[in-house]
Amino acid sequence: MPTVTWDHIHLRSPDPEATAAWLQDVLGGEIIRGAGRIDVKLGGANVFIAPVNPGDGVNTAPVTPYQGLDHFGLTVTDIDAVAAEIRAKGVEFTKQPTTIRPGVRICFIRGPQGISIELLERDKKYA
């Protein structure tokens, strides 16, 4: 069996700067600028943001739920405080913070280009 580790998540955006700024402002990502591209370090992962230009033939974002990659999840501490902080920034919640089972609370937010992002808090005593 191969051993794998995460390298990156690749997003496409008509406005990579705005997408990177959102990931920085809302989720605390660190913007990394390279030759011809903009990346964001987010929760230990690399998020590559490629530009979408007119005529590129890139489809619009699908409406969730859909087959394939549905969302990505990020672990947070004190989900209620995090939710309050990002709600104050005008972030759209598609699912408010809720307990899905003992020790696990989640919420879903809508990111740039309709990206679905899950925030979750796990109580280690239930792990």
Any chance you could measure His8, atom NE2, to Leu42, atom CG, to the nearest 0.5 Å?
14.0 Å

Distance from Arg122 atom CZ to Ile106 atom CD1, nearest 0.5 Å?
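Taking CZ in Arg122 and CD1 in Ile106, the distance rounds to 10.0 Å.
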
Is it true that Ile100 and Leu120 fall in one hydrophobic cluster, defined by side-chain heavy atoms closer than 4.5 Å?
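Yes; tracing contacts between hydrophobic side chains, which count when under 4.5 Å, links both residues.
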
Checking Leu119 now: which residues fulfil side-chain contact (heavy atoms from CB on, under 4.5 Å) with it, not counting sequence neighbours?
Leu27, Leu74, Val76, Ile79, Val82, Ile86, Cys107, Ile109, Ile117

Pairing residues for Glu17 by the side-chain contact (heavy atoms from CB on, under 4.5 Å) criterion, not counting sequence neighbours:
Asp15, Arg33, Ile38

Which residues, ordered by chain and number, are linked to Ile32 in its hydrophobic cluster, where ILVMFWY side chains connect at heavy-atom gaps below 4.5 Å, directly or through other members?
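Ile32 clusters with nothing; isolated.
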
Other than Val58, what residues sit in its cluster of Ile, Leu, Val, Met, Phe, Trp and Tyr side chains whose heavy atoms are under 4.5 Å apart, directly or through others?
Val52

side-chain hydrogen bond (donor to acceptor under 3.5 Å, both in side chains) with [X]: which residues, sequence neighbours excluded?
| X | answer |
| --- | --- |
| Thr99 | Arg105 |
| Arg37 | Asp39 |
| Gln96 | Arg87 |

Mind jotting down which residue pairs meet the salt bridge (Lys or Arg N to Asp or Glu O under 4.0 Å) criterion with at least one end in residues 42-70? Sequence neighbours excluded, please.
none

Sidechain-backbone polar pair: Lys89 side chain, Asp25 backbone, donor-acceptor under 3.5 Å
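Yes; judged by distance alone, with no hydrogens or angles, the pair exists.
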
Is any side-chain heavy atom of Leu11 less than 4.5 Å from a side-chain heavy atom of Ile115?
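Of all side-chain heavy-atom pairs linking Ile115 with Leu11, at least one is under 4.5 Å.
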
With sequence neighbours left out, what residues match Glu118 under salt bridge (charged side-chain N to carboxylate O under 4.0 Å, His left out)?
none

Restricting to salt bridge (charged side-chain N to carboxylate O under 4.0 Å, His left out), what partner residues turn up for Arg110, sequence neighbours left out?
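Counting only residues at least two positions away or on another chain, Arg110 forms a salt bridge (charged side-chain N to carboxylate O under 4.0 Å, His left out) with Glu92.
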
Looking only at heavy atoms, what is the nearest atom pair of Thr77 and Glu121, with distance?
C-OE2, 4.2 Å

Testing the basics here: between Lys95 and Thr98, what is the closest heavy-atom pair and its distance to 0.1 Å?
CE-CG2, 3.4 Å

Return all side-chain donor-acceptor pairs below 3.5 angstrom for residues 43-50, not counting sequence neighbours, or 'none' if the list is empty.
from  : atom 1 : to    : atom 2 : distance (Å)
Asn46 : OD1    : Lys41 : NZ     : 2.8
Asn46 : ND2    : Asp7  : O      : 2.9

Any pair counted as ring-ring contact (aromatic ring centres under 6.0 Å, His included), so long as it reaches residues 92-117, sequence neighbours left out:
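Applying ring-ring contact (aromatic ring centres under 6.0 Å, His included) to every pair that reaches into residues 92-117, excluding sequence neighbours, yields His71-Phe108.
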
